[in-house]
Amino acid sequence: ALGAQGVRYWAIASLGERIANGPPLPRAIACELLLELLGVLRAAHAAGVTHRDLKPDNIVLAGGRLCLVDWGVAHVAGETDPFAAMIAGTLTYVAPEQIRGEPIGAPADIYSLGVLAFRLLCTRAPFAAPTDLQLIKLHLHSPPPRASTAWPAIPGALDDLIARMLAKDPAQRPGLDEIEDVLQAARQTQLALGTRPHEKVPAAARWTPLALGLARMCSLFGMHS
């Protein structure tokens, strides 16, 4: 599929399929995807909605547009939570407070976004274990690895940001504005570097504000997996 500006993107598929079947994403593109997701989360959180199951399989990429789908376990602030005291989400990406059965809000999505950022930028998830119980224990009790252990050249601000996004305490996680600022700076740095073939990103590979608006609309109102 060709994007609106002539850049070849994958056809309608999930980010999970793209990760499984393609080479590592250029880090500038990874930052751009995370920025697009921030726009979706900003709109959702402003409406009091926590997605609660942010993961690559729920991120659909079509013709250069991003949609966050499958809002089936989303929580709306002020409404009864039918998934209270249950782990509603995917263990690799789930926030500690979801495992503990505590009330959740926007910081739960920030944690999942931190896991996703680590996955995209370091080509592996921060926590992995052979059993669900071991994975749960890692989320609850183990300090997350630093992204710099897998990507030594990561900008220091981004390394610190991801570590804070993965904080066990929801109150210690950064807000969307700070995340956006750091990701924008990291994206520009990666675009300027372009030193390795898989990290070279053409200047045209920048999605337009119109695409972002459509992404928000289809994420919140139109598409479900």
Side-chain angles (χ1 to χ4, degrees), residues 3 9 14-16 18-19 25-62 64-71 74-77 89-90 93-95 104-122 125-126 144 147 154-155 157-167 170-191 201 205-223:
Y9 290 99
S14 72
L15 179 59
R18 170 60 179 79
I19 291 173
L25 286 171
R27 288 188 171 117
I29 290 293
C31 288
E32 188 156 341
L33 287 173
L34 294 167
L35 286 164
E36 295 276 3
L37 277 172
L38 277 180
V40 176
L41 292 179
R42 191 183 297 279
H45 294 172
V49 179
T50 303
H51 186 276
R52 191 156 50 183
D53 195 17
L54 183 61
K55 61 180 180 180
D57 288 344
N58 285 340
I59 299 166
V60 173
L61 305 160
R65 299 190 182 115
L66 176 149
C67 294
L68 179 59
V69 302
D70 197 352
W71 296 76
H75 174 58
V76 181
T90 302
Y93 297 88
V94 74
I104 66 156
D109 283 344
I110 297 300
Y111 184 93
S112 299
L113 188 67
V115 176
L116 179 63
F118 196 107
R119 175 69 183 83
L120 292 179
L121 296 170
C122 301
I154 186 174
L158 182 56
D159 191 23
D160 292 339
L161 179 81
I162 294 174
R164 291 171 52 218
M165 292 171 75
L166 297 174
Q172 294 181 359
R173 295 173 202 150
L176 296 179
D177 288 342
E178 181 181 356
I179 297 171
E180 182 176 10
D181 289 344
V182 175
L183 282 174
Q184 287 281 18
R187 174 182 173 276
Q188 291 301 322
T189 298
Q190 292 306 302
L191 284 170
V201 182
R206 302 171 187 173
W207 294 347
T208 64
L210 174 60
L212 177 56
L214 290 172
R216 291 175 180 169
M217 291 176 64
C218 69
S219 297
L220 289 174
F221 304 110
M223 297 185 65

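Numbers here are sequence positions counted from 1.
Taking CD1 from Ile154 and CD from Gln190, the interatomic distance works out to 9.0 Å, rounded to the nearest 0.5 Å. Atoms CG and CG, on Leu41 and Leu68 in that order, are 6.5 Å from each other to the nearest 0.5 Å. Rounded to the nearest 0.5 angstrom, Cys31 SG and Leu121 CG are separated by 5.0 Å. Taken from CG in Leu166 to CD1 in Ile110, the straight-line distance is 11.0 Å, to the nearest 0.5 Å. Here the OG1 atom belonging to Thr189 is positioned 13.0 Å from the CZ atom belonging to Arg27, to the nearest 0.5 angstrom. In this structure, CZ in Arg164 is found 12.0 Å from CD1 in Ile162, a value given to the nearest 0.5 Å.
The shortest side-chain heavy-atom distance between Leu116 and Leu15 falls under the 4.5 Å cut-off. Put simply, the side chain of Pro107 does not reach to within 4.5 Å of the side chain of Thr50, judged on heavy atoms. Looking only at side-chain heavy atoms (C-beta outward), Ile59 and Leu33 stay at 4.5 Å or farther from each other. No side-chain heavy atom of His51 sits under 4.5 Å from any side-chain heavy atom of Val40. Between Arg18 and Leu25 there is a side-chain heavy-atom pair separated by less than 4.5 Å.
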Verdict with reasoning, Leu38 to Leu113, per side chain to side chain contact (heavy atoms under 4.5 Å, CB included): CA-CA 9 Å; Leu38 277 180; Leu113 188 67; 3.7 Å; yes

From CA spacing to verdict: salt bridge (charged side-chain N to carboxylate O under 4.0 Å, His left out), Asp109, Arg173: CA-CA 10 Å; Asp109 283 344; Arg173 295 173 202 150; over 6 Å; no

Test log, rule side chain to side chain contact (heavy atoms under 4.5 Å, CB included), inputs Leu120 and Ile29: CA-CA 10 Å; Leu120 292 179; Ile29 290 293; over 6 Å; no

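Here the closest non-hydrogen pair linking Thr90 and Asp53 is OG1-OD1, 2.9 Å. Closest non-hydrogen pair, Ile104 versus His75, comes out as O-CD2, 3.9 Å. When all heavy atoms of Asp159 and Ala147 are compared, the closest pair comes out as OD1-N, 3.2 Å. Across every non-hydrogen atom of Ala106 and His45, the tightest pair is CB-ND1, 3.4 Å. Across every non-hydrogen atom of Gly114 and Met165, the tightest pair is N-CE, 3.4 Å. Here the shortest heavy-atom pairing between Tyr93 and Ser112 reads O-OG, 2.7 Å.
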